[in-house]
> 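If you scroll down you'll find the structure; I have some questions about it.
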There are 2 protein chains.
Amino acid sequence: MSTRVAVELAKAYRLLNHGPTVLVSSAHGGKRNVMAAAWSMPLDFDPPKIAVVIDKSTLTRELVEASGEFVLNVPARLQAAATLAVGNASGREIDKFEKVGLGGTAATQVGAPLIEGCLAWLECRVIPEPHNQQTYDLFLGEVVAAWADPAAFSNGRWHFENAERRSIHYLAGGAFFATGDAFEV
Amino acid sequence: MSTRVAVELAKAYRLLNHGPTVLVSSAHGGKRNVMAAAWSMPLDFDPPKIAVVIDKSTLTRELVEASGEFVLNVPARLQAAATLAVGNASGREIDKFEKVGLGGTAATQVGAPLIEGCLAWLECRVIPEPHNQQTYDLFLGEVVAAWADPAAFSNGRWHFENAERRSIHYLAGGAFFATGDAFEV
């Protein structure tokens, strides 16, 4: 398991503020799953809330609606191939954890697992908004615990020293960008 | 004015898919404004929809609610200081276009201006969802026209050859990341 330290909830939005692609993990009734999502964003600071799009066709959708919980995991560049793979496969057909080599360990506040090797983790409870869910596949969540690998995020700041441990940003067709140079203005 | 060519609507989501920070421009009743937003994301492919958070305290909020329109502009690294400046100032106090040197030119489908020098532009009409707007400051929009600088985005792909013309990702406290290396898996 990757090292992880708690992130103060009021700063949890900073884990997503720069727009990385995430993995959505979920669990319910003995099933668990993980999918990729490029469409997520922070929604509020404190208590922290996030928004994420989860398509109706997915097993993730079924598990998230049944459990009312999920985790947003921020994968590293080293995990880009696995991120693409879990975005292209369905948890209805394969156990994606086994097939793509993504381990999961227990979270603290929710039943969904934390994906090993990621850079950061946001444990979320669904804020029920049936109209958004049904009409737009849009899920809102309150972040109830947040964690980060201190080698990549500490004191409220990302610092990507290791090229393979940068966060990633999906474009389309297997193409990604790594998070690039930090600068201040 | 920057060069711009039309982006096929079905591919407009790719302008935001990698999670760049955007500028939200708006206009109504002879007033216009521009603010920065790190919290936006695609919501659907075709017709393309997006989501963006617009705080109640802002002049932008007033103009967007009154007009039902806005533009998401994707700024370049060269515009990072201006992006931070329009994020920190209020359009109620200054004309941000004048003060921060961001020119605006006419859009095609909406009254809000396109910000000069940006990399891409998404002209949007608000999808009225009063509960989301009031409770979460969350606005949904349909993209009715999309444009990009062909030197940075063409054939459905971003290609950042010029370091100063990369898109940017805000973290906090004046700190940004540039969009980094492209890679395929």
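Within every chain, numbering begins at 1; the chains are lettered A, B, ... in the order of the sequence lines, protein sequences first and strands thereafter. No experiment lies behind these values; they were computed from the predicted model shown.
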> Counting only N and O atoms by type, is there a donor-acceptor contact under 3.5 Å from the side chain of A:R32 to the main-chain atoms of A:S25?
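Not at all, since once roles are kept as given, no pair shorter than 3.5 Å links the two residues.
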> Locate the shortest heavy-atom distance separating B:V53 from B:Y136; write the atom from each residue and the value.
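Residues B:V53 and B:Y136, closest heavy atoms: CG1-O, 4.3 Å.
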> Does B:L84 sit in a hydrophobic cluster with other residues, and if so which ones, taking ILVMFWY side chains as linked at heavy-atom separations under 4.5 Å, directly or through other members?
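Members alongside B:L84: A:F183, A:V185, B:I168, B:Y170, B:F176.
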> Between A:W121 (side chain only) and A:P113 (backbone N and O only), is there a donor and an acceptor less than 3.5 Å apart?
no
> Could you tell me which portion of B:L140 (side chain, backbone, both or neither) has an atom closer than 4.5 angstrom to a non-hydrogen atom of chain A?
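Answer is side chain: those atoms of B:L140 sit under 4.5 Å from chain A.
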> Can you tell which of B:M41, B:H131, B:E184, B:K11 has the highest number of heavy-atom pairs within less than 4.5 Å of chain A?
B:M41
> Pick one of side chain, backbone, both or neither for A:N132, based on which atoms fall under 4.5 Å of a heavy atom in chain B.
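For A:N132, side-chain heavy atoms alone lie under 4.5 Å from chain B.
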> Which bit of B:D55 comes within less than 4.5 Å of chain A, counting heavy atoms only: side chain, backbone, both or neither?
neither
> Give the member of A:P20, A:A80, A:P42 that has the highest number of heavy-atom pairs under 4.5 Å with chain B.
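Highest number of heavy-atom pairs under 4.5 Å: A:P42.
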> What part of A:A51 is in contact with chain B, defined as an atom under 4.5 angstrom from a non-hydrogen atom: side chain, backbone, both or neither?
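The answer is both parts of A:A51.
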> When the aromatic ring centroids of A:F139 and A:F70 are compared, is their separation below 6.0 Å?
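No; A:F70 has its ring centre 6.0 Å or more from that of A:F139.
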> Please check if any side-chain donor atom of B:T60 sits under 3.5 Å from a side-chain acceptor atom of B:N33, or the reverse.
yes
> Between A:R157 and chain B, which part of the residue has a heavy atom less than 4.5 Å away: side chain, backbone, both or neither?
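Both parts, heavy atoms under 4.5 Å.
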> Tell me, out of A:A178, A:G19, A:G156, A:G173, who's got the most heavy-atom pairs with chain B below 4.5 Å.
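Of the options given, most contacts go to A:A178.
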> Using a cut-off of under 4.5 Å on heavy-atom pairs, state which of B:D44, B:T83, B:N17 scores highest against chain A.
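The candidate making the most pairs under 4.5 Å is B:N17.
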> Among A:H18, A:K49, A:R166, who wins on heavy-atom pairs under 4.5 Å with chain B?
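Most heavy-atom pairs within the cutoff with chain B belong to A:H18.
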> Of the backbone (N, CA, C, O) and the side chain (C-beta and beyond), which part of B:A85 lies under 4.5 Å from a heavy atom of chain A, both, or neither?
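Neither part.
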> Between B:H169 and A:T179, does any side-chain donor sit less than 3.5 Å from a side-chain acceptor?
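The answer is no; no qualifying pair exists.
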> Checking heavy atoms, do the side chain of A:I127, its backbone, both or neither come under 4.5 Å from chain B?
side chain
> Return the orientation label for the B:F160 and A:F177 ring planes: parallel under 30°, perpendicular over 60°, tilted otherwise.
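Plane angle between 30° and 60°, so tilted.
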